[in-house]
**Student:** 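A single structure is presented below for examination.
Since the model is a prediction, treat every value here as computed from it, not as a measurement.
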Amino acid sequence: MTRFQSIVTILAVVSGTILTRFLPFILFPEGKTPPKYISYLGTVLPYAVIGFLVVYSLKDAVFSQFHGIPELLSILLIFLLHKWRKNTLLSIGAGTAFYMYLVQTWFR
């Protein structure tokens, strides 16, 4: 990649980042109430994204013999931790660490 291409690429990434960060504040200022469908999407999309992440993470799991057990145990741990502590970061971090422990020690 030439120096000019690198500069254009960096400028494109910076412009895209700035646009996506500031556009919501420009379209919906603090004193203005956002439209109902935007509020609706704000309440529904986080759950939809989590659902997509679960499906995406399990799409290549093979559920035969011992395969799939680390994934299911990790999901169970994430669910129980989130119900108990209601801390998303703790749930996801502990579930990821538990999964990595299982696949590197118990399910080689």
**Student:** Quick check: closest heavy atoms across Ser6 and Met1, and the distance to 0.1 Å?
**Tutor:**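 Nearest pair, atom of Ser6 first, then Met1: OG-SD, 3.5 Å.
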
**Student:** Hydrophobic cluster mates of Met100, side-chain heavy atoms under 4.5 angstrom, ILVMFWY only, any path?
**Tutor:**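 Once heavy-atom contacts under 4.5 Å are chained together, Met100 belongs with Tyr99, Val103.
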
**Student:** Please report the shortest heavy-atom distance between Ala94 and Leu81, naming the atom on each side.
**Tutor:**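 Between these two residues, the closest heavy atoms are CB-CD1, 3.4 Å.
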
**Student:** Rounded to the nearest 0.5 Å, what's the gap from CD1 on Ile92 to CG on Leu77? Could you check?
**Tutor:**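 Answer for the CD1-CG pair, Ile92 versus Leu77, is 12.0 Å.
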
**Student:** Which distance, rounded to the nearest 0.5 Å, do you find between the CZ of Phe107 and the CD1 of Ile69?
**Tutor:** 5.0 Å

**Student:** Find the distance between CD1 (Ile50) and OG1 (Thr88) and round it off to the nearest 0.5 Å.
**Tutor:**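 These two atoms lie 7.0 Å from each other.
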
**Student:** Side-chain donor-acceptor pairs under 3.5 Å in residues 36-45, sequence neighbours left out?
**Tutor:**
unit_1, atom_1, unit_2, atom_2, d
Thr43, OG1, Tyr40, O, 2.7

**Student:** Pairs of donor and acceptor atoms involving the side chains of residues 9-25, under 3.5 Å and at least two apart or interchain, shall be tabulated with distances.
**Tutor:**
unit_1, atom_1, unit_2, atom_2, d
Thr9, OG1, Gln5, O, 2.7
Ser15, OG, Leu11, O, 2.8
Thr17, OG1, Val13, O, 2.8
Thr20, OG1, Gly16, O, 3.1
Thr20, OG1, Thr17, O, 3.1

**Student:** List the atom of Leu90, the atom of Arg85, and the distance in Å for their closest heavy-atom pair.
**Tutor:** CD2-CG, 3.8 Å

**Student:** Distance from Ser57 atom OG to Phe52 atom CZ, nearest 0.5 Å?
**Tutor:**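 Atom-to-atom, Ser57:OG and Phe52:CZ are 13.0 Å apart.
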
**Student:** Could you tell me the separation between the CH2 atom of Trp106 and the CG atom of Leu73, rounded to the nearest 0.5 Å?
**Tutor:**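 Trp106 CH2 to Leu73 CG: 11.5 Å, rounded to 0.5 Å.
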
**Student:** Find out whether the Lys NZ or Arg CZ of Lys59 is both under 6.0 angstrom from the six-membered ring centre of Tyr56 and within 45° of the ring's axis.
**Tutor:**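 Because its charged atom sits under 6.0 Å from the ring centre and within 45° of the axis, Lys59 does stack over Tyr56.
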
